[in-house]
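Numbers restart at 1 for each chain; the letters A, B, ... are given by sequence-line order, proteins then strands. As the structure is a prediction and not an experimental result, all values here were calculated from the model.
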Number of protein chains: 2
Amino acid sequence: MTAPSDARARGTRLPRVRRRRQLLAAAQEVFVARGYHAAAMDEIADRAGVSKPVLYQHFPGKLELYLALLEEHSEVLVEKQREALESTDDNRQRVIASFRAYFDFVAGDGEAFRLVFESDLRNLPAVREKSEETFQRCAELIGAVIRQDTSISDEEAHLLSIGLVGMAETSARYWLNNHGSVPKGAAEQLVARLAWRGISGWDLHRAAEEQD
Amino acid sequence: MTAPSDARARGTRLPRVRRRRQLLAAAQEVFVARGYHAAAMDEIADRAGVSKPVLYQHFPGKLELYLALLEEHSEVLVEKQREALESTDDNRQRVIASFRAYFDFVAGDGEAFRLVFESDLRNLPAVREKSEETFQRCAELIGAVIRQDTSISDEEAHLLSIGLVGMAETSARYWLNNHGSVPKGAAEQLVARLAWRGISGWDLHRAAEEQD
DNA sequence: GGAGGAACCTACGCCGGAGTAAGATGGGGG
DNA sequence: CCCCCATCTTACTCCGGCGTAGGTTCCTCC
């Protein structure tokens with residue numbers, strides 16, 4: 001670990017756009033490894049093989065740098081989720097694809113998911129809002145599917161999707177932290193099955209269950 | 001909001017134990033409202049109607065103060081969960097009770113749940129471990145019930161309980177943040193039903209589902 | 001080949017907030 | 001009645017880390 005990423009040749013100059021990309025990559029590594037607060041601008045600069053003022057020529061401040069990354073990866077997650085749900089018309093497969101999307105997201109891109117799911121800056125309104133918005137958008141995508149194919153009320157469908165998204169997020173994160181205990185495919189399938197059993201045929205058996 | 005809690009009579013002396021309790025209460029308010037990093041020892045002291053050194057006569061540092069609270073409320077959650085699962089022998093009722101326990105926890109005690117679920121100090125190993133341990137203990141309690149009444153393998157049962165706990169935590173937090181859209185009892189029931197449909201009769205229908 | 005500007009550096013200002021020294025105060029036991 | 005210790009206070013020190021002033025190098029384009 002602690003691969004220096006791009007500390008190559010402390011003396012190479014880069015065109016502006018290229019440098020910016022690289023700075024973002026370095027920042028991601030540091031923010032992911034240390035969290036927002038423990039991350040130092042000096043370390044990010046070092047990691048990029050550059051001095052601090054360079055960082056400030058590309059981003060007005062630490063916060064903006066962080067927000068840029070948060071924004072980017074939030075968008076990736078929502079997009080993955082959208083693709084998953086559009087990938088098929090079979091709802092059962094949809095559930096599986098949706099969970100796989102979460103696991104993929106968590107497994108991918110240098111653990112960037114920690115920015116979205118485990119940010120230590122949620123107390124800042126801007127960050128909290130972004131986080132919740134991302135969460136809501138995912139839930140809404142799923143909620144739309146549920147509503148479309150059942151007679152569940154809007155409010156109930158929404159709450160159910162919230163629960164499902166929470167399950168996906170939590171189990172994906174858990175799976176990643178305990179790599180090796182269960183292979184990815186199996187974990188996805190298992191949790192997806194739990195979800196599918198939960199929602200499939202909700203209307204049908206509802207009356208019966210209401211009896212209790 | 002910003003109820004001063006106990007800023008009563010800036011000049012009253014208190015016996016050691018009583019003062020300690022009060023400091024913990026003040027600290028909880030501030031940590032919950034601001035998070036660990038944005039919380040200032042000065043503010044905690046002020047909130048308790050006392051000066052900073054007093055705080056340091058009761059706790060060696062900011063971190064220890066925080067950990068004391070985290071520990072306490074983590075224990076409360078696990079205990080609530082244990083009680084819920086022991087409250088009945090009917091597994092369906094168990095699921096409901098278990099979810100209710102999460103909602104109760106989130107609804108209770110000055111939003112102390114934010115320390116356990118939304119800590120902005122998870123990057124510190126001590127905190128991360130405590131958080132995960134709490135989470136695991138809850139999952140393990142549920143996992144034990146699942147294993148006890150089904151033939152699901154240990155590993156699978158564990159992953160399923162992880163997912164369920166995640167669902168409970170997420171939906172409870174969401175419900176609290178959007179108070180008013182759904183009454184507590186209804187929300188609990190709805191999500192509990194989702195979970196119950198998911199796990200009940202898992203063995204029975206398993207073979208059939210494996211076909212796909 | 002030499003201005004000019006873009007990319008980069010060293011070195012510092014400064015501020016918030018954790019933790020501390022040294023002294024004031026007040027009430028219970030001798 | 002007065003001493004003593006526990007309680008509490010004011011008023012600092014110190015440090016990490018963000019952001020910046022001012023100067024330097026190297027490439028490009030005329």
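- Between B:Tyr102 and B:Lys80 there is no side-chain heavy-atom pair separated by less than 4.5 Å.
- Counting to the nearest Å, the P atom of C:dC8 and the CG atom of A:Leu23 are 8 Å from each other.
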Let me have the donor-acceptor pairs involving side chains of residues 57-68 of chain B, under 3.5 Å, with sequence neighbours excluded, atom names and distances please.
residue: B:Lys62; atom: NZ; partner: B:Tyr36; partner atom: O; Å: 2.9
residue: B:Lys62; atom: NZ; partner: B:Ala39; partner atom: O; Å: 2.8
residue: B:Glu64; atom: OE1; partner: B:Gly61; partner atom: N; Å: 3.2
residue: B:Tyr66; atom: OH; partner: B:Ser119; partner atom: OG; Å: 2.7

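- Taking atom CZ of B:Arg16 as the reference point, atom P of C:dG27 lies 19 Å away to the nearest angstrom.
- Looking only at side-chain heavy atoms (C-beta outward), A:Phe135 and A:Val116 stay at 4.5 Å or farther from each other.
- Residue side chain A:Arg13 reaches the base of D:dT25 through a donor-acceptor N/O pair under 3.5 Å, judged by distance alone.
- Residue B:His37 contributes atom NE2, which lies 11 Å from atom P of C:dA18 at whole-angstrom precision.
- The CG atom of A:Leu55 sits 14 Å away from the C1' atom of C:dC9 (whole-angstrom rounding).
- In this structure, A:Ala39 reaches the sugar-phosphate backbone alone: every heavy-atom distance under 4.0 Å involves primed, P, OP1 or OP2 atoms, never a base.
- Rounded to whole Å, the distance from NZ on A:Lys52 to C1' on D:dG16 is 10 Å.
- Contact check for A:Ile44 versus A:Leu55: side-chain heavy atoms found under the 4.5 Å cut-off.
- Between B:His58 and A:Lys62, the residue anchored closer to the 5' end of DNA chain D is B:His58, taking for each the nucleotide with the nearest heavy atom.
- With the end axes of the helix from C:dG1-D:dC30 to C:dG30-D:dC1 each set by five pairs, the angle from one to the other reads 10° at 10° resolution.
- Shown here are the salt bridge (Lys or Arg N to Asp or Glu O under 4.0 Å) partners of B:Lys52, two or more places apart in sequence or in another chain: B:Asp42.
- Across the protein-nucleic acid pair, B:Asp42 atom CG and D:dC12 atom P stand 15 Å apart, rounded to whole Å.
- One interatomic measurement links the two molecules: CD1 of A:Ile44 to C1' of D:dG17, which rounds to 12 Å at whole-angstrom precision.
- With DNA chain D read from its 5' end, the first of the two nearest nucleotides for A:Gln57 and A:Ala40 is the one closest to A:Ala40.
- Annotation: side chain of A:Met167 is not in contact with side chain of B:Thr170 (no heavy-atom distance under 4.5 Å).
- The shortest side-chain heavy-atom distance between B:Ile199 and B:Val95 falls under the 4.5 Å cut-off.
- Residue B:Arg19 places at least one side-chain N or O under 4.0 Å from the OP1 or OP2 atom of D:dC8.
- Between the OH atom of A:Tyr56 and the P atom of D:dC18 there is a distance of 6 Å, rounded to whole Å.
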